[in-house]
*Asks:* 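There's a structure below that I have some questions on.
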Protein chains: 2
Amino acid sequence: MKSFKISEAVIRRLPIYLRFLNDLSQSGIQTVSSQDLGEKLDLNPAQIRKDLAYFGEFGRKGVGYNVDYLIEKIRHILKLDKPMNVALVGTGNLGRALCNYNMYLKDNMKIVAVFDADESKSGTLINHLTVQPMRELTSVVKELDISVGIITVPAPEAQNVADQFITAGVRGILNFAPVVLKAHSGVRIHHVDFTAELLSLAYYMDHIQEKSEGVFE
Amino acid sequence: MKSFKISEAVIRRLPIYLRFLNDLSQSGIQTVSSQDLGEKLDLNPAQIRKDLAYFGEFGRKGVGYNVDYLIEKIRHILKLDKPMNVALVGTGNLGRALCNYNMYLKDNMKIVAVFDADESKSGTLINHLTVQPMRELTSVVKELDISVGIITVPAPEAQNVADQFITAGVRGILNFAPVVLKAHSGVRIHHVDFTAELLSLAYYMDHIQEKSEGVFE
DNA sequence: TAGATTGTTAATCGATTAACAATC
DNA sequence: TAGATTGTTAATCGATTAACAATC
């Protein structure tokens with residue numbers, strides 16, 4: 001048994017590999033080289049080989065990687081080979097969009113409970129799920145063995161919701177609110193910050209596009 | 001006049017600073033130190049000082065940064081001090097959510113046109129905007145001087161939409177589809193990849209949380 | 001066998017952090 | 001003046017890329 005510290009950058013690339021490998025598999029392609037992957041995903045082939053090599057020897061010299069075998073391996077590494085229950089708080093436009101978007105299903109991640117602070121929404125249905133009041137959160141998280149919470153509430157309420165999730169026992173949070181959340185170590189927080197993506201995009205609009213070159217007086 | 005290459009990591013932090021500074025400003029706080037910022041945003045104070053110093057001397061030794069002055073400076077750096085027009089393609093749940101979410105307004109970014117490949121949707125209203133057919137895209141982008149395109153279509157159509165945006169003349173794309181897009185240099189693509197965020201979150205769920213430590217046999 | 005491609009080491013590159021003189 | 005905090009250099013740390021022996 002070996003013990004590694006795998007860097008976050010590596011882990012964040014694995015879902016990108018997985019997604020493209022799934023496409024290949026569906027197209028009936030059985031073998032792929034790091035060269036191919038690199039071209040399609042805009043990554044250095046050496047980086048891809050190195051990333052995968054952290055977890056084992058998945059390829060064959062002179063041949064490449066077997067697509068379905070690699071899919072299986074990455075799914076195992078990311079722990080997508082067993083079901084994981086997810087709860088969502090905040091049934092605004094974005095929250096409802098995510099509930100309907102059940103892409104996660106094939107990756108064994110499933111939204112199984114939805115909450116909203118506005119109790120007048122309790123009982124309404126979103127994609128076969130009944131909206132529940134916040135006071136039910138702790139008990140539902142425990143009953144349904146929910147390990148991940150998605151936050152789609154306005155920024156000022158996000159930290160409060162995160163605290164409730166953490167108290168209830170979730171181990172991971174996916175935050176869509178435009179605010180930096182605090183959590184004790186032991187709880188992992190990923191941030192989907194599309195306002196920041198849009199604002200940083202603005203910076204590049206008038207610049208000469210030679211690898212992040214900028215001019216200032 | 002000095003010429004820099006500012007790294008992408010630096011640019012991506014500027015909107016985070018800006019957002020928190022806006023909060024401070026609204027709370028009536030006039031001065032902030034890199035120490036304060038670092039604590040609230042989970043960043044190293046030295047990094048914050050260094051980031052800002054790429055663009056000028058915005059602080060005062062022994063005092064800190066004037067909140068409103070720094071806001072003004074960052075807004076200028078990111079080019080948020082002049083209006084920027086945005087178009088969106090794909091009026092599914094996510095697209096509609098983004099149209100309604102006009103947080104961008106105060107940052108001078110405004111969605112001014114919405115398109116959908118499904119022509120039966122043409123003419124419907126989303127938040128005061130009329131959905132238009134794809135064949136109008138090129139002319140509308142030119143007429144309204146649109147420089148950024150948002151893509152919220154299913155993955156298989158995303159590259160095609162990107163190509164149309166690029167042909168029409170946009171210089172930046174914010175892609176929400178779970179696929180890596182290709183573009184010639186000169187067009188900047190940012191990817192909001194929440195499925196990847198969710199899948200990589202799964203990896204950390206059963207791991208001891210000591211800075212990305214993992215164990216494999 | 002000849003060509004292709006992995007796994008891995010070494011070299012490079014870039015980003016973060018520590019430290020401190022300058023100065024408010 | 002004493003305390004605080006910046007701007008900036010140097011040191012550290014980590015991630016990417018190049019190169020190549022191993023081998024299919």
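Remember, it's a predicted structure, so these values are computed and weren't measured experimentally. Every chain is numbered from 1 and lettered A, B, ... according to where its sequence line falls, protein lines coming before strand lines.
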*Asks:* Whether the side chain of Arg171(B) engages the backbone of Met205(A) through a donor-acceptor N/O pair (distance < 3.5 Å, no angle test) should be reported.
*Replies:* yes

*Asks:* Any side-chain N or O of Ser7(A) less than 4.0 Å from the OP1 or OP2 oxygen of dA15(D)?
*Replies:* yes

*Asks:* Expressed in angstrom and rounded to an integer, what is the separation of Leu43(B) atom CG from dT17(C) atom P?
*Replies:* 8 Å

*Asks:* Does dT6(D) have its OP1 or OP2 closer than 4.0 Å to a side-chain nitrogen or oxygen of Ser34(B)?
*Replies:* yes

*Asks:* Is any side-chain nitrogen or oxygen of Tyr65(A) closer than 4.0 Å to OP1 or OP2 of dC24(D)?
*Replies:* no

*Asks:* Base, sugar-phosphate, or nothing for Glu57(A), non-hydrogen atoms under 4.0 angstrom?
*Replies:* sugar-phosphate

*Asks:* Can you measure Leu37(A) atom CG to dT6(C) atom C1' for me and round it to whole angstrom units?
*Replies:* 13 Å

*Asks:* Can you figure out which of dT16(D), dT16(C), dA18(D) approaches the side chain of Ala9(B) most closely?
*Replies:* dT16(C)

*Asks:* Without decimals, in angstroms, what is the distance between Asn44(A) CG and dC13(C) C1'?
*Replies:* 13 Å

*Asks:* Looking only at side chains, do Gln159(A) and Asp163(A) share a donor and an acceptor under 3.5 Å apart?
*Replies:* yes

*Asks:* dT17(D) C1' sits how many Å from Asp42(A) CG, rounded?
*Replies:* 15 Å

*Asks:* Name the residue closer to the 5' end of DNA chain D, choosing between Arg60(A) and Phe58(B) according to the nucleotide with the nearest heavy atom.
*Replies:* Phe58(B)

*Asks:* Check every atom of dT23(D), dT17(C), dT17(D) against the side chain of Lys61(A) and return the nucleotide holding the closest atom.
*Replies:* dT23(D)

*Asks:* Whole angstrom is fine here: how far is it from CG in Leu52(A) over to C1' in dT8(C)?
*Replies:* 13 Å

*Asks:* Looking only at heavy atoms, what is the nearest atom pair of Val67(B) and Thr31(B), with distance?
*Replies:* CG2-N, 3.8 Å

*Asks:* With both distances kept under 3.5 Å, what pairs with dT6(C), Watson-Crick or G-U wobble?
*Replies:* dA21(D)

*Asks:* What integer distance in Å separates Ile6(B):CD1 from dG14(C):C1'?
*Replies:* 14 Å

*Asks:* If you assign each of Gln47(A) and Val63(B) to its closest nucleotide in DNA chain D, which residue comes earlier from the 5' end?
*Replies:* Val63(B)

*Asks:* Measure the distance from NZ on Lys50(B) to C1' on dC20(C) and round it to the nearest whole Å.
*Replies:* 15 Å

*Asks:* Tell me the partner of dG14(C), counting only Watson-Crick (N1-N3 plus N6-O4 or O6-N4) or G-U wobble (N1-O2 and O6-N3) with both under 3.5 Å; none if nothing fits.
*Replies:* dC13(D)

*Asks:* What is the distance, rounded to the nearest whole Å, between atom CZ of Arg12(A) and atom C1' of dT16(D)?
*Replies:* 18 Å

*Asks:* Select base, sugar-phosphate, or nothing to describe what Arg49(A) touches, counting heavy atoms under 4.0 Å on all strands.
*Replies:* base

*Asks:* Among side-chain atoms of Asp193(B) and Thr195(B), is any donor-acceptor pair under 3.5 angstrom?
*Replies:* yes

*Asks:* I'd like to know if the side chain of Asp51(B) reaches the main chain of Val10(B), judged simply by a donor and an acceptor atom lying under 3.5 Å from each other, with no hydrogens or angles considered.
*Replies:* no

